[in-house]
Engineer: 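If you scroll down you'll find the structure; I have some questions about it.
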Amino acid sequence: MDCAEVFLSVRTLVEYAFSSGSLEPGFRSGSAMAEGTRIHQHIQKQYKEGDRKEVYLKTEIPYEDLLFIIDGRCDGLLAGEDGTLIVEEIKSIAGPLDSTQEGREVHWAQALMYAYMITLEQELASIEVKLTYVLRGSDEQRSLYRKATREELAAFAADTVARYAPYAKLRIRHGALRDESIRSLTFPFPDYRQGQRRFAAAVYKTAAEGVNLFAQAPTGIGKTMSTLFPAVKALGEGIISGIFYLTAKTVTRFAAQESVLLLVAGGLHLHAITLTAKEKACFREECGKEGCPFAEGYYDRVNAALLDMLEHETLMTQEIIAGYARRHEVCPFEFSLDAAYACDMVICDYNYIYDPRISLKRLPEERKKKTVLLVDEAHNLVDRGREMFSASLTKAPFLSLQRQYKTVNRKLGAASKAVNAFFIALRKSCSEDGGGQWAEYPEDLPLLLEAFAAEAELELLSPSSSLVALPDEEEGSLLDTYYAVQGMLRTFKTYDERYVTYAEVRRGDVFLKLFNLDPSHLLQQMAKGFRSQILFSATLSPMSYYRDMIGSAEEDYSLRVASPFHKEQWEVSVLPVSTRYHDRAHSLVPLSDTLRGMAAKKGNYLVFFPSYAYLQNVFEVFTDKYPEIMTLVQGSGMSEQAREEFLSSFRPDNPETLLGFAVLGGIFSEGVDLPGDRLNGVMIVGVGLPQVGLERNLLRGYFQSQGKNGFDYAYVYPGMCKVQQAGGRLIRSESDSGIIVLADDRFLQQPYADLLPEEWRDYLIRT
């Protein structure tokens, strides 16, 4: 019988087999990876002639019915004075070198595996193994030595793969069941909706060819299943090996989960997991504090927890993960991340892939090459990308830290003072109106921030015993400021002509931002290692704008799927009233009267406004004039429970008419599903233009300088996207019908009229 092959890196193998101990409580250095690289290079520069660095090694180790194929690069292969070989493994640590004692077992394991591979390759009877620890932030080092025979190393290697074997066998059994289930899997609905089969075929073709797809498909066509089903089929055929379903909002994650459950009900056997933000996943109110029973001894228990959950579950939601985490006493958030690397499908926020601060850094390059990204509501990626790649700082925290640490940690106090002095000078360089803009970042700032980050890191690792108490000082401000500084330092490395630097004096404080104007290049870079991106939304219009802003290559496909619904299902009209800011007072009564007319037929209705203030003004007029209509108002900063209560009020069997007042571009205008008689009509007030402000005007100027229509790029396209999303809440299936009222005279003018969905333009009625 042929052995099943298990491909693994040395590091992955030994970390599974030998990791032990606890999660580090509290602060973790943000610069550890970069510092580790620097330390490796510093040690390797000391190698003499005949020494080799980063030596690639590969071997095969049979175990029962498995064949382990192991590879990796050892840090150093050194020539001893007597001609013998020494294999070196270099590790950087944050704590004192004394803490290394005899060395960590997992570190020795990595060195010993490399030693085993070298003795095989070069037919050596024995070899010396060197484990070097270097203190981060300095060049202080300590080396530990062992000598091992080939027989000892062979026994060690056999024991190591034996520890991994139960997990490997589980993955192999699962893979066979998964592929068999996918081969017999059928589309979970009796028929494809109009355009849905074409969409699904395009997704499959894109994944097979390893390119990207920009797909605009109308709300209600079933976009989630149109992308997920062909991706699962490609997984079963070995075209891809993993799926990431990326969302901007929690509600769309639920839609993905429901689609997976439908496929599971149809016989699919798949490991799928939903990643939840740390603050929502954690069992304790203060995560990261010492003494957490779920962090202490985490690595001693996590393997058993993984085997248990992967053996018994398919779709692993937050609730299921929490159940296994409690049973095995492991941190639910870290457990979910460890499980994600073992799953076929991961449902998560955009930031796990595109955000350089958060991305899943342990995902092997080989796996990325066969992983497809399904990017839901991809229109959100433009502004989210800008947010991820921009960075900002204010003066106030540095002044507070200067005062707080001036006596207890003089170096940190001095570093804080230097940054504070920079901001004082920056304020003086701003114009009379308190602003400034530059095409480059301040050249003296990186060194000041690097010095601050180095001192802050040392303080966070070993806090000073007594701090100066300051009034209104927020606890944890050093940690928050440290992370903000790290974000700025990271952004310096990506800063180019697609950025602008601006400063503002705000209520006595000074604000500095490196603002990313065009995120397309960095979005492309973050997704570069993956096989394909399927970027889909009901509102990728105009397509040229989204291809430009998200970043596309010439070979990438575009697809527009026509609406599957019939014109009899909706009535679209325009109320030609001005909702421009200076005309809003005159619009209150016409809007209220039109709302009353829309709600003349008993049902559930939503009206979306460009701002809370405008919403409140119309609400007051409407309720005063038409008190008989039951109303509901979106609150500011609503909790998840309050959101659920708001949506649950839209019942198909409501005895009275219900009119909900909400904000355009807010939580209820996108990703919300109110099918059938849960929603009978929608009014959209205004064309959705973002509020005029500095950043939007910077975008306008930048794109104008690039030969594009700057106003359209900065204001019109993002605004009309919000309009289309809000209107898309109405028609969700072939049996839905309802009214859409577009309240603004600009809907009858260019470019706004042309940006309306084709199915709306065909049936416009002027009221």
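These numbers come from a predicted model, not from an experiment.
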Engineer: How close do Gly666 and Lys249 get, heavy atom to heavy atom, and via which atoms?
Structural biologist: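 It is O-NZ, 3.8 Å.
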
Engineer: Under a 3.5 Å cutoff, is there a donor and acceptor pairing between the side chains of Gln486 and Tyr482?
Structural biologist: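 Note: Gln486 and Tyr482 side chains meet the donor-acceptor criterion.
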
Engineer: To the nearest 0.5 Å, what is the distance between CG on Leu213 and OG on Ser552?
Structural biologist: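 Rounded to the nearest 0.5 Å, the CG-OG separation comes to 11.5 Å.
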
Engineer: Give me the atom names and distance for the closest heavy-atom approach of Gln402 to Lys417.
Structural biologist: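 Nearest pair, atom of Gln402 first, then Lys417: OE1-CA, 3.4 Å.
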
Engineer: Would Asp744 and Arg584 pass as an ion pair if we require N to O under 4.0 Å?
Structural biologist: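 Judged by the 4.0 Å cut-off on N to carboxylate O distance, Asp744 and Arg584 do not form a salt bridge.
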
Engineer: Got a list of side-chain donor-acceptor pairs under 3.5 Å for residues 346-354, not counting sequence neighbours?
Structural biologist:
{"from": "Asp349", "atom 1": "OD1", "to": "Asn351", "atom 2": "N", "distance (Å)": "2.9"}
{"from": "Asp349", "atom 1": "OD1", "to": "Asn351", "atom 2": "ND2", "distance (Å)": "3.4"}
{"from": "Asp349", "atom 1": "OD1", "to": "Arg384", "atom 2": "NH2", "distance (Å)": "2.4"}
{"from": "Tyr350", "atom 1": "OH", "to": "Asp376", "atom 2": "O", "distance (Å)": "2.6"}
{"from": "Tyr350", "atom 1": "OH", "to": "Glu377", "atom 2": "O", "distance (Å)": "2.8"}
{"from": "Tyr354", "atom 1": "OH", "to": "Gln533", "atom 2": "OE1", "distance (Å)": "2.6"}

Engineer: Would you please test Asp338 and Tyr298 for side-chain hydrogen bond (donor to acceptor under 3.5 Å, both in side chains) and show each step?
Structural biologist: CA-CA 11 Å; Asp338 284 331; Tyr298 172 85; 2.6 Å; yes

Engineer: Return the set of residues passing ring pair (Phe, Tyr, Trp, His ring centres under 6.0 Å) with Tyr581 (not counting sequence neighbours), or none when no residue passes.
Structural biologist: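 In terms of ring pair (Phe, Tyr, Trp, His ring centres under 6.0 Å), with neighbours along the sequence ignored, Tyr581 is linked to no residue.
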
Engineer: So, Phe646 versus Phe668, ring centres under 6.0 angstrom or not?
Structural biologist: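 Under 6.0 Å, so yes.
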
Engineer: Between the side chain of Lys722 and the main-chain N/O of Gly688, is any donor-acceptor distance below 3.5 Å?
Structural biologist: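 Yes: the side chain of Lys722 pairs with the backbone of Gly688.
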
Engineer: Please tell me if the side chains of Leu478 and Leu412 come closer than 4.5 Å, counting only heavy atoms from C-beta onward.
Structural biologist: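 Counting from C-beta outward, Leu478 and Leu412 do come under 4.5 Å.
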
Engineer: To the nearest 0.5 Å, what is the distance between OG on Ser416 and CG on Leu399?
Structural biologist: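 If I round to the nearest 0.5 Å, the distance is 9.5 Å.
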
Engineer: Once salt bridge (Lys or Arg N to Asp or Glu O under 4.0 Å) is applied, what residue pairs with a partner in residues 418-438 remain, sequence neighbours excluded?
Structural biologist: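 Qualifying pairs, neighbours excluded: none.
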
Engineer: Test Thr494 against Tyr499 for side-chain hydrogen bond (donor to acceptor under 3.5 Å, both in side chains), laying out the working first.
Structural biologist: CA-CA 9 Å; Thr494 58; Tyr499 278 84; 3.1 Å; yes

Engineer: Would you say Asn409 and Gln404 are linked by a side-chain donor-acceptor pair, where the criterion is simply a distance under 3.5 Å?
Structural biologist: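 Distance-only check fails for Gln404 and Asn409.
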
Engineer: Would you say Ser431's side chain and Gly435's backbone share a donor-acceptor pair under 3.5 angstrom?
Structural biologist: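 Here the side-chain-to-backbone pair exists.
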
Engineer: So, the side chain of Gln437 versus the backbone of Val500: is there a donor-acceptor pair under 3.5 Å, distance only?
Structural biologist: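 No; zero donor-acceptor contacts below 3.5 Å.
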
Engineer: Report, as yes or no, whether the 6.0 Å neighbourhood of atom CZ on Arg410 holds more than 12 heavy atoms from other residues, nucleotides or ligands.
Structural biologist: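 No, CZ of Arg410 has 12 or fewer neighbouring heavy atoms, counting only those of other groups under 6.0 Å.
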
Engineer: Enter the distance from Gln525:CD to Phe389:CZ here, rounded to the nearest 0.5 Å.
Structural biologist: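 Between Gln525 CD and Phe389 CZ, I get 9.5 Å after rounding to 0.5 Å.
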
Engineer: May I ask you to test the Asn212-Ile534 pair for a side-chain heavy-atom distance under 4.5 Å?
Structural biologist: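 Side chain of Asn212 against side chain of Ile534, heavy atoms only: no contact under 4.5 Å found.
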
Engineer: Short question: side chain of Gln724, backbone of Leu755 - any donor-acceptor pair under 3.5 Å?
Structural biologist: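 Checked: pair present.
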
Engineer: Of all the heavy-atom pairs spanning Leu523 and Met549, show the shortest one and how long it is.
Structural biologist: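 Of all heavy-atom pairs spanning Leu523 and Met549, the closest is CD1-O, 4.1 Å.
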
Engineer: When you look at Glu695 and Lys513, which way does the salt bridge (Lys or Arg N to Asp or Glu O under 4.0 Å) test go after all the steps?
Structural biologist: CA-CA 10 Å; Glu695 289 193 354; Lys513 185 167 184 176; 2.8 Å; yes

Engineer: Could you check whether any side-chain N or O of Arg386 sits under 3.5 Å from a backbone N or O of Leu517, counting only pairs where one atom can act as donor and the other as acceptor?
Structural biologist: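 Checking the backbone N and O of Leu517 against the side chain of Arg386, a donor-acceptor pair under 3.5 Å is found.
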
Engineer: For Glu554, enumerate each residue passing the side-chain contact (heavy atoms from CB on, under 4.5 Å) test, keeping only those at least two apart in sequence or located in another chain.
Structural biologist: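 In terms of side-chain contact (heavy atoms from CB on, under 4.5 Å), with neighbours along the sequence ignored, Glu554 is linked to no residue.
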
Engineer: Quick check: closest heavy atoms across Val685 and Tyr614, and the distance to 0.1 Å?
Structural biologist: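 The pair with the smallest heavy-atom distance is CG1-CE2, 3.7 Å.
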
Engineer: I'd like a table of donor-acceptor pairs (distance under 3.5 Å, sequence neighbours excluded) in which one partner is a side-chain atom from residues 438-453, with atom names and distances.
Structural biologist:
none

Engineer: When you measure from the side chain of Ser541 to the backbone of Met543, do you find a donor-acceptor pair of N or O atoms at a distance under 3.5 Å?
Structural biologist: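 Side chain of Ser541 to backbone of Met543, a donor-acceptor pair under 3.5 Å: no, none is there.
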
Engineer: Do Asp556 side-chain atoms and Ala553 backbone N/O form a donor-acceptor pair below 3.5 Å?
Structural biologist: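 Yes, the answer is positive, given that a donor and an acceptor are paired below the 3.5 Å cut-off.
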
Engineer: What pairs with Tyr752 under side chain to side chain donor-acceptor pair (under 3.5 Å), at least two apart in sequence or on another chain?
Structural biologist: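 If we apply the side chain to side chain donor-acceptor pair (under 3.5 Å) test to Tyr752, skipping adjacent residues, there are no hits.
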
Engineer: Would you confirm whether Gln704, through its side chain, and Asn709, through its main-chain N or O, come within 3.5 Å as a donor-acceptor pair?
Structural biologist: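 Flag not set: sc Gln704 to bb Asn709 has no pair under 3.5 Å.
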
Engineer: Residues in ring pair (Phe, Tyr, Trp, His ring centres under 6.0 Å) with Phe530, at least two apart?
Structural biologist: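 Residues passing ring pair (Phe, Tyr, Trp, His ring centres under 6.0 Å) with Phe530: none at all.
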
Engineer: May I have all residue pairs that pass salt bridge (Lys or Arg N to Asp or Glu O under 4.0 Å) and include part of residues 526-553, sequence neighbours excluded?
Structural biologist: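 Found Asp548-Lys708.
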
Engineer: As an exercise, state the distance from OH of Tyr717 to OG of Ser544, rounded to the nearest 0.5 Å.
Structural biologist: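 The OG atom of Ser544 is 6.0 Å from OH of Tyr717, to the nearest 0.5 Å.
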
Engineer: Can we say Lys368 and Glu365 salt-bridge, meaning some charged N sits less than 4.0 Å from an Asp/Glu carboxylate O?
Structural biologist: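 Judged by the 4.0 Å cut-off on N to carboxylate O distance, Lys368 and Glu365 do form a salt bridge.
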
Engineer: Is any side-chain heavy atom of Ile667 closer than 4.5 Å to a side-chain heavy atom of Arg643?
Structural biologist: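 When only atoms from C-beta onward are counted, Arg643 and Ile667 do touch, with a gap below 4.5 Å.
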
Engineer: Check side chain to side chain donor-acceptor pair (under 3.5 Å) between Ser390 and all other residues, then give those that pass, not counting sequence neighbours.
Structural biologist: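 Once residues adjacent in sequence are excluded, Ser390 has no partner under the side chain to side chain donor-acceptor pair (under 3.5 Å) criterion.
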
Engineer: Which is it for Glu455 and Tyr405 under the side-chain hydrogen bond (donor to acceptor under 3.5 Å, both in side chains) test, yes or no, and what are the steps along the way?
Structural biologist: CA-CA 11 Å; Glu455 295 303 331; Tyr405 287 97; over 6 Å; no

Engineer: Can you find a heavy atom in the side chain of Leu460 that is under 4.5 Å from one in the side chain of Pro463?
Structural biologist: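 When only atoms from C-beta onward are counted, Pro463 and Leu460 do not touch, as no gap falls below 4.5 Å.
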
Engineer: Using the test ring pair (Phe, Tyr, Trp, His ring centres under 6.0 Å), find all partners of Phe703 that sit at least two apart in sequence or belong to another chain.
Structural biologist: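 Expected list: Tyr713.
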
Engineer: Distance alone, cut at 3.5 Å: any donor-acceptor contact between the side chains of Arg253 and Thr274?
Structural biologist: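 Note: Arg253 and Thr274 side chains miss the donor-acceptor criterion.
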
Engineer: For Tyr715, give me all partners under ring pair (Phe, Tyr, Trp, His ring centres under 6.0 Å), at least two apart in sequence or on another chain.
Structural biologist: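 For Tyr715, the residues satisfying ring pair (Phe, Tyr, Trp, His ring centres under 6.0 Å) (neighbours in sequence not counted) are Phe711.
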
Engineer: Which pair of non-hydrogen atoms, one from Gly686 and one from Leu664, has the smallest distance, and what is that distance?
Structural biologist: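 Of all heavy-atom pairs spanning Gly686 and Leu664, the closest is O-CD2, 4.4 Å.
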
Engineer: For the backbone of Asn516 and the side chain of Tyr495, can you confirm whether one donor and one acceptor N or O come within less than 3.5 Å of each other?
Structural biologist: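 Such a contact is absent between Tyr495 side chain and Asn516 backbone.
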
Engineer: Does any part of the side chain of Leu699, heavy atoms only, come nearer than 4.5 Å to the side chain of Phe515, both counted from C-beta?
Structural biologist: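 Yes. Closest side-chain heavy atoms under 4.5 Å.
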
Engineer: Would a distance-only check, ignoring hydrogens and angles, find a side-chain to backbone donor-acceptor pair under 3.5 Å from Gln725 to Glu670?
Structural biologist: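 Not a single qualifying donor-acceptor pair exists.
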
Engineer: Can you confirm whether Gln691 is buried at CD, in the sense that more than 12 heavy atoms of other residues, nucleotides or ligands lie under 6.0 Å from that atom?
Structural biologist: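 12 or below, so no.
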
Engineer: Output all residues satisfying side chain to side chain donor-acceptor pair (under 3.5 Å) with Ser578, sequence neighbours left out; order by chain, then residue number.
Structural biologist: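 Applying side chain to side chain donor-acceptor pair (under 3.5 Å) to Ser578 gives Arg580, Asp583.
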
Engineer: Drop me the distance from His379's NE2 to Ile550's CD1, to the nearest 0.5 angstrom.
Structural biologist: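 Taking NE2 in His379 and CD1 in Ile550, the distance rounds to 9.5 Å.
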
Engineer: Between Arg506 and Asp509, is there a salt bridge with N-O shorter than 4.0 Å?
Structural biologist: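 Looking at Asp509 and Arg506, the cut-off is not met.
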
Engineer: Any heavy-atom pair between the side chains of Val663 and Phe608 that's under 4.5 Å?
Structural biologist: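 No; the side chains remain at least 4.5 Å from each other.
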
Engineer: I need the minimum non-hydrogen distance between Ser477 and Leu401, along with the two atoms involved.
Structural biologist: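 Closest approach of Ser477 to Leu401: OG-CD2, 4.0 Å.
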
Engineer: Ring centroids only, cut at 6.0 angstrom: are Phe214 and Tyr546 within range, meaning strictly under it?
Structural biologist: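 Between Tyr546 and Phe214, which both carry aromatic rings, the centre distance is not below 6.0 Å.
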
